[in-house]
Asks: 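Below you'll find the structure I mean.
All ligand and atom numbering here is 1-based and tracks the order in the structure. This is a predicted model, so every value here is computed, not measured.
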Amino acid sequence: MSLTASVWMLFFVGLWGRTKPLDNGLARTPTMGWLHWERFMCNTNCDADPDNCISERLYMMMADVMAAEGWREAGYQYVCIDDCWMSKSRDAGGRLQADPRRFPGGIKKLADYVHSKGLKLGIYADVGTSTCAGYPGSLAHYDTDAQTFAEWEVDLLKFDGCSMDTTLLEEGYVNMSKALNRTGRPILYSCEWPLYEWPSQKPNYNTIAETCNQWRNFADAYDSWSSVKSILDWTATHQDIIVPSAGPGGWNDPDMLVIGNFGLSRDQQESQMALWAIMAAPLLMSNDLRSICRHSKELLQNRHIIAISQDELGKQGYRTAKVDHFEVWERPLSQGWLAIAVLNALEIGGPRRFSLKAAPGWKTCTPLCNITQILPQYEEVGVQIGHQVSVNPSGTALLVIMPISMKKHDQRFLKMQWSEKQTLL
Ligand code: GLA
């Protein structure tokens, strides 16, 4: 489909609304929190590496930092366990159990601890016969497992799709959704169903959005720019299919933020943060909050970017242009604002200038726009006809703009800055 056709399609879908999303009252804006996988993986060796192994200590320490260092206030709410928390076998009653050496208190106690910090606890299981790392799967145990998680007072379930006949994915994911619903406890349901379905067939995003609060479409995020770039590319090339299904209650999940680790430069970290906000993606950090550097922390806690991510209109953005090795991405925001990200995709040379007049969204700036630049640094540019941004290789300029049509009722926006809009939220 051509770019113009895509934009029209998104416009019409926007007009006529999406299919009914999962209505469990959760994920009205993209989920924010921390998830252990990318940074800590399946490290179960607590004798050799007690501070970094998958154990209750790790989540307790992360919860402590999240409560003490502004993460919770910034909106990061969920502390999420990924694979490798379980015992290799179920208990005598057929229930999943945490590894007793690494989780001596059990999950219920851990949930109590996390809740006492004003945070929520996420857990991980698998729709098939075993998890991706070989721990017990939930197939044929959906009701028992949902009930167990509810009794433990868990708040989110990441449900993986390993070891499952792909023709049974839909049945499995739908049945677990119903089982969670039957518990009566609101448990945010994070699926990987489309990721596992794509190799055999085009997923039905209507059913997925009716079943899950968020869903992974593409490969796992790694700690590298090539990984982040491949996720962005996949998302842009499939945007006609996936963007319309996103909105309050259900979101496309391009996987974890790897900001604060080892693989991304400062500019690349800014790109990931900006584009994850434009994509209305869950902001699930996988990093070590105990030792994160100041710049990564400030970026992850940047309230202007988080305001874009959490915008109440709940529309996912999309790539609108590729011009001269720049990518332009846009996300419509509430009250007529628009977020624009300009990614310099040329990985050679120095900073390059981009005139926003070349961006398709800029046509809405007729005759003027009120511009606030958020990245690379915050600047209230003000009312302008045009604006040039300078973008480092693999970096991103992020702006919010308010078109001003000069009609009388628009006059009040002439002076309203992005920072004031946020105080109205
Ligand atoms: C899959 C998922 C990852 C992670 C691992 C755990 O690869 O996509 O996000 O949960 O399994 O084994």
Asks: With no hydrogens and no angle check, do the side chains of Arg290 and Asn52 hold a donor and an acceptor under 3.5 Å apart?
Replies: yes

Asks: Give me the ring orientation class for Tyr189 and Phe159: parallel if the planes are under 30° apart, tilted from 30 to 60°, perpendicular past 60°.
Replies: tilted

Asks: Just to check, does Thr131 reach to within less than 4.0 Å of ligand 1 when the distance is taken from its heavy atoms?
Replies: no

Asks: Quick check: Tyr196 and ligand 1, any N/O pair under 3.5 Å apart?
Replies: no

Asks: Can you name the atoms of ligand 1, numbered from 1 with element, that are less than 4.0 Å from a heavy atom of Cys132?
Replies: 1 (C), 11 (O), 12 (O)

Asks: Between the side chains of Ser224 and Ser226, does any donor sit under 3.5 Å from an acceptor?
Replies: yes

Asks: Which residue and atom name correspond to the protein heavy atom nearest atom 12 (O) of ligand 1, and how close is it?
Replies: Asp83 OD2, 2.8 Å

Asks: Nearest to atom 1 (C) of ligand 1, what protein heavy atom do you find, and at what distance?
Replies: Asp160 OD2, 3.1 Å

Asks: With heavy-atom distances below 4.0 Å as the criterion, list the atoms of ligand 1 near Glu192.
Replies: 2 (C), 8 (O), 9 (O)

Asks: Say whether, by atom type as modelled, one donor and one acceptor occur between the side chain of Gln310 and the main chain of Pro30 under 3.5 angstrom.
Replies: yes

Asks: What I want to find out is whether Asp64 reaches Arg57 closely enough, with some N-O distance under 4.0 Å, to be called a salt bridge.
Replies: no

Asks: Would you say Asp220 has any N or O atom under 3.5 Å from an N or O of ligand 1, going by distance alone?
Replies: yes

Asks: Ring-plane angle category for Phe149 and Trp152, please: parallel below 30°, perpendicular beyond 60°, tilted otherwise.
Replies: tilted

Asks: Is there at least one pair of N or O atoms, one from Asp255 and one from ligand 1, spaced under 3.5 Å apart?
Replies: no

Asks: So is Arg216 close enough to ligand 1, meaning a heavy atom under 4.0 angstrom away?
Replies: yes

Asks: Against ligand 1, does Lys158 come closer than 4.0 Å with any heavy atom?
Replies: yes

Asks: How are the rings of Tyr59 and Trp34 set relative to one another: parallel (under 30°), tilted (30 to 60°) or perpendicular (over 60°)?
Replies: perpendicular

Asks: Can we say Glu327 and Arg319 salt-bridge, meaning some charged N sits less than 4.0 Å from an Asp/Glu carboxylate O?
Replies: yes

Asks: How far is atom 5 (C) of ligand 1 from the closest protein heavy atom, and which atom is that?
Replies: Trp37 CE2, 3.7 Å

Asks: Return the residue, atom name and 0.1 Å-rounded distance of the protein heavy atom closest to atom 4 (C) of ligand 1.
Replies: Asp82 OD1, 3.4 Å

